[in-house]
Structure formats: structure tokens, C-alpha cells
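Only one structure is covered here, and it is reproduced in the block below.
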Amino acid sequence: MPLSSYVVTDDLTVLLGLSAAALFLLQNLYKPQPLIHPILLGRQSDVAPVRNPRESAVYRNYSTSAMGRLPLRPAAGIQTVLDLVRADVDSPRTLWSTKITNTQLLARVKACASGIDKLGKFQAGESKVLFLLNDGLDFLIADLAFAAKSITTMTISSPELLAKVLDNHPPSAIITDVVFLPHIVEQIYDIDQHHHTTVIVVGDPGSVGAKLAKEMDLLKFSDIEKEGASDPVDLSPPTDVNHVFTIAFSKTPSGTGFQAVQFTQQNLTAGVAATRSLLPVSSPFTPLDTIVSAFSLSTPYGRTIAYTAVYEGTCLATLNSAQIFTGNEGVRLDAPGALEDINSSSTFPIPSPTILFVKPEHVISLTSSILNASSSGSWLSGWGWRHKVAHAIEGFITKESLWDRFVFDAARVKVLGEGAGTLRALIATGGYTPAETLTPARIAFSIPYVNAVSSDLACGPLFASYPHDLQIHPSSEEGGEFENIAHVGAPTISLEVKLVSVDDVAIEEGKDPIGEVYVRGPPAGTLLGENNQKGENWLPTGYRGKVQPNGCFKVVPQNK
């Protein structure tokens, strides 16, 4: 019998069939394409073919490859810190509260360096100056001026370290803000160094300064710059990029002592190169950006962020939480809430932020506030959430969709103000991020989100996830230390990483390596008293890490 005898159709059947076919085609045509091909996310680290006993193999960023040279600088002509102030980028931009061009910035650096010369109190390669300044343009100018004169600077990450540093590593001079001056003077008198230490004050010390000047060598930073401006000399940056540029004092990972890490000019330029790689090649830093950071210039990571902004010609400001020296040392102060802290950048006359370098607690707080505002502001929030999650699973995220316009845009404006429309990248560093917060954060912001790790042993980040990596990795650990911890991507482009004290038997059985994280490479500094000019020594970071099969790392503090 013919087929038509078994299949009976009518107009309704044909219509339903055509409708089903149309819906199938529409679903496939309008299905979002992933921002990056999943194959590229399957191998993010390049692994050395051999390893030592009780150690993992050496891991590099896959874009660097095993045979590639680790980047030393952001561009070929950048040799020193002064080179980061590029002459070819001279558009005015705002650094904290001052609108300034690179030409004007270099002029002030030249005047400060000339004033330092006229003082006759510092000897290149021998003198050391302790910076006790909060973030600001004066910090940047003094830092560049002393670098130009090959005078080593020192920073501390916490006022608690001041007494130990003064006792064990007395500086030739101290440069400090006027609000912190009484505390400095007290410390100097306690160790009976007031006749041997020069104190440079940023701001007007007033009558207190006049009294102190009779008992100690007290100078005003503005006077030094003014004196040098009357007869400036050409800057002559050091030709040796391995000259120790700065020494950073910080607490040890265990918190029981302090460590001193030396950084060269090359360490910092390599850190800037690594920081620039945090954003995708398709949307790099530009002079139109405004960077807001939660990390102090007194830390290697915060300093690298600031010099990245200088190199790129962007506007820059830091949050209130980045202030280290308040003049209230010894008095317990409540830390500002995350939202209040983020909004503190609005006190600076800068455009709305486009790139945020913040901590996980900032991200978690902002995410919660945006999602709460969206759920209370629109009855479509549930549908919007489901569609955004479905898109994220496909590897696609955008803030230009209909669901953003109807649901999430108003919530972002309510929480972030004008920054809701300008923000285009979010980089979270410090502590560790729970894996369960990744998807909500990606949906709340709908912009490239980088989960990174930094250390006081290196300029720039150690690890960073790819900004378009939207994968959700199920947790296979049962009560392990890495359970529900978000991965932090591969090592950055300028570093090599290995794990120490691993279980050889477990690795041979095909299990993921777990051990203590060690790093080396151009951004990594040298512990004071050691020689690591060629970057051959491995540094213990104080983290424990686990390598996933795709080359991404999970990292937690060693004492967690």
C-alpha cells in the first residue's frame, strides 16, 4: 500500500509542522555564541614535560608557551620606571585630584629630583628613603624622582611594621604626610635617631613643624620641589635595570613576623606588562579609561596598578580603604563597608570608573546589592535571571540585552550611580572567592570579570582567570581545603609556577597536584640579603594550590 494510506495530513498538521521548524531555526539562529571558543579554555597552562621528586611540573601561561621568553616590559622602549611616563601620550588626565599631562608630570619630577640633588643629603646606591605616604600624586612624583637619582625607597604595608623597620633597617630619610608626622616623630625619638634622620613632610606642619625643626632635620616637600624648579637638571635614569628600585616590607604569610622584598626597575616594568594582559586583546587599556583601585601604592601590587595607569595615560584614584597612614594609629577604627568604600572614589574629580581593581568582599557586596535591587525593582527579574544564566552557560555575557534594559540596568544605576554605564571590566584580587559567587557576579555586572591572586613578593598578579572564561566547574572535593573555591586561572604571562611538597603517588595515579605555591620570573622580587638578578630562585608565596586538568589553579592561604 502507498505511504499516503498510512499518513493522513490536513492544513493544521502542516501549519504546526512549519511552526515547529521555524522555532527550531530561530532557536539556533539566535542562540548566543560563546565569547571564546571552549577549546581555548581547555588548556590554559603550558606544562613542563618533567618534574623533580616532591614537586609538580613547572607551569606557564599557555600564551607564553614553554619556549617563549617571559615578558620583561610592556613595550620595547620601556627599560626603567621613568620610561613608563611616555612622551607620546600627553593628553591631560586626572591622577587623584590633579589634572596633569605627562609633560607636566615629568617637569615636576625633574624639579623634585633637582631639589633632592641640592639637599646634598643622599648618595646614589647607598641612601634609603622610607615612604610613609598615602596614595596621591606626591607619592608618585617623589617615587619617580628618587628612582631617577638611583636612591632606594622603602615602603611598609602596615603601620604596625614601622617600629621594627626603624629598629632593623634605619633609613637615611623619611617622607611622610603631615597627619602622620606626630607618630613618626614619637617613633624616631624612641630609638634616639632624631639627630640622624631627615624628615620630609608633605603638607604644612605649621607651628609644630617650626618647633621640631629646631631639634631635627625637618624639610617641606613643597620647598624641595620649589628649589629644584628654579634650576632644574635633566633626568638621567639609571642604565642598570637590575638596580634595586625599592624595598617593600610586609607581614610574613603566617603573620608572625615581617619580610623585606627588593624590587628592581625590571621587576616593575614586567609587572606592568603582566597587569596589562589582564584585559582581553580586543578591549585593552586606553587613555579614555578611569582606573579605581583598592590597593595602596605602598604594596607591590598597588604600585604596579598605579604605574600601569601612568603608562596607559588613564585617570586614576584609590579607595579610602587603601589609606594606610591616618594619624590615628593605636585607635581602633571601623573599616568602611564595601559599598561605602566603592563610593569613596566619587570624592575625586575623575570621570566615572571604567575598570575596578577591588577585593572579593567588594564584589560580593556589590553583587548582592545589584541583584536585590533588580528583584525588588521588576516583576521580570526571575525570567531575566534564568535567561542570563542560560546565556552564561553557553559562554556568552552582555549588558546590552533586553533583560538588562528591563531588569538589571536600573538596579546597577541604583547601586553604582553613573559608573553603571561606564564600567567595563572588574578585577578582583585578595583573599579567595567562593565559587558560588562567580555566576551571580557575572550576571550582576555582565562585563569581563577577572579573578586574580597577588603577593607581596611580586609586582603585578601571580594568577588571573581569563576575562571571558564563564565556565562553571563542579566541585569534586568532599570537605577538602579547595572545596567551593573559585579557580584563579593560569599563571600570568611573566611568571613560572610550581607546587612543592606534593604527593608523588597521587600524581602518578593521575590525580591533580596539590602543594605549596612557588613562583619565579621577571616580576618576582628578591628577599633582602639574597641575589636573584636572573630570576633563578623560587620564592614561597604562602599559598597552597591545586592544578585542575585544564591548567587553571585553585589557591588558598597556607594557614587557611
Side-chain angles (χ1 to χ4, degrees), residues 94-97 133-136 139-140 155-159 248 250-251 271-272 274-275 278-279 285 289-310 314-326 333-348 350-370 415-417 419-420 422-433 437 441 444-445 447-456 458-465 467 486 488 557:
T94 303
L95 299 176
W96 291 279
S97 299
L133 290 172
N134 286 319
D135 298 352
F139 188 116
L140 205 60
T155 62
I156 59 176
S157 61
S158 169
S250 59
K251 294 181 180 179
V272 170
T275 303
L278 294 178
L279 296 188
F285 292 93
D289 281 318
T290 298
I291 294 176
V292 172
S293 169
F295 301 91
S296 169
L297 268 69
S298 293
T299 64
Y301 184 56
R303 211 172 197 168
T304 306
I305 293 171
Y307 277 108
T308 301
V310 169
T314 73
C315 297
L316 172 68
T318 45
L319 302 179
N320 280 347
S321 60
Q323 293 186 3
I324 294 179
F325 310 105
T326 63
L333 297 175
D334 293 331
L339 284 177
E340 178 186 351
D341 194 30
I342 288 290
N343 291 330
S344 67
S345 65
S346 62
T347 60
F348 295 101
I350 58 172
S352 297
T354 60
I355 300 171
L356 289 180
F357 285 86
V358 292
K359 299 178 180 179
E361 53 262 36
H362 292 110
V363 176
I364 293 171
S365 180
L366 287 172
T367 298
S368 176
S369 298
I370 291 172
V415 175
L416 294 170
T422 60
L423 192 63
R424 70 181 188 90
L426 184 66
I427 301 163
T429 317
Y432 56 94
T433 304
T437 66
F445 292 97
I447 57 177
Y449 174 42
V450 178
N451 194 28
V453 171
S454 64
S455 168
D456 290 323
C459 296
L462 304 182
F463 302 91
S465 63
V488 292

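Quantities reported herein were computed from a predicted structural model and do not represent experimental measurements. Residue numbers run from 1 in the order of the sequence given.
- Listed for the Ser368 side chain is no donor-acceptor partner under 3.5 Å among the backbone atoms of Ser365.
- What you find for Thr299 and Asp456 is that their closest heavy atoms are CB-OD1, 4.4 Å.
- Residues satisfying the salt bridge (charged side-chain N to carboxylate O under 4.0 Å, His left out) criterion with Lys359, sequence neighbours excluded, are absent altogether.
- Of all the heavy atoms in Leu319 and Ala294, the pair that sits closest is CD1-CB, 3.8 Å.
- Pro159 has its side chain within reach of Ile324: a pair of non-hydrogen atoms, C-beta onward, lies under 4.5 Å apart.
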- Message: If you apply the rule side-chain contact (heavy atoms from CB on, under 4.5 Å), what do you find for Thr367 with Thr437, and how did you get there?
- Response: CA-CA 8 Å; Thr367 298; Thr437 66; over 6 Å; no
Could you give me the CA-CA distance, side-chain angles and deciding distance for Tyr449 and Thr433, then say whether side-chain contact (heavy atoms from CB on, under 4.5 Å) is met?
-> CA-CA 12 Å; Tyr449 174 42; Thr433 304; 4.1 Å; yes
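- Rounding to the nearest 0.5 angstrom, the gap separating the CG atom in Leu316 from the CG atom in Asp289 is 11.5 Å.
- Between Thr275 and Phe285 the shortest heavy-atom distance is O-CE1, 3.7 Å.
- Looking at heavy atoms from C-beta onward, Ile342 lies in side-chain contact with Val358 at the 4.5 angstrom threshold.
- You'll find the side chain of Pro351 stays beyond 4.5 Å of the side chain of Thr422, heavy atoms only.
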Please step through side-chain contact (heavy atoms from CB on, under 4.5 Å) for the pair Val292 and Ile350, ending with a clear verdict. CA-CA 10 Å; Val292 172; Ile350 58 172; 4.1 Å; yes
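- Atom CZ in Phe139 sits 6.0 Å away from atom OG1 in Thr155 (nearest 0.5 Å).
- Looking only at side-chain heavy atoms (C-beta outward), Leu356 and Phe445 stay at 4.5 Å or farther from each other.
- The two residues Ser296 and Ala322 make their nearest non-hydrogen contact at CB-O, 3.2 Å.
- Asn451 contributes no side-chain N or O that, together with a main-chain N or O of Ala464, makes up a donor-acceptor pair within less than 3.5 Å.
- In this structure, Leu279 and Ala425 approach most closely via the heavy-atom pair CD2-CB, 3.6 Å.
- Judged as a ring-ring contact (aromatic ring centres under 6.0 Å, His included), and not counting sequence neighbours, Phe357 has no contacts.
- Ser465 has its side chain within reach of Val450: a pair of non-hydrogen atoms, C-beta onward, lies under 4.5 Å apart.
- Between Cys315 atom SG and Leu95 atom CG the span is 7.5 Å, to the nearest 0.5 Å.
- Ser369 places no side-chain N or O within 3.5 Å of a backbone atom of Val415 that could act as its donor or acceptor partner.
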field: Worked verdict on Ser298 versus Phe325 for side-chain contact (heavy atoms from CB on, under 4.5 Å)
entry: CA-CA 10 Å; Ser298 293; Phe325 310 105; 4.2 Å; yes
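- Side chain of Asp341 to main chain of Ser321: a donor-acceptor pair is present (N/O by atom type, distance under 3.5 Å, no hydrogens or angles).
- By the ring-ring contact (aromatic ring centres under 6.0 Å, His included) test, Tyr301 is found to be paired with Phe295, residues two or more places apart in sequence or in another chain being considered.
- Nearest heavy-atom pair across Lys251 and Ser158 is CE-OG, 4.4 Å.
- Between the side chain of Thr290 and the backbone N or O of Thr354 there is no donor-acceptor pair closer than 3.5 Å.
- Using a distance-only test at 3.5 Å, with no hydrogens or angles considered, a donor-acceptor pair links the side chain of Asp135 to the main chain of Leu297.
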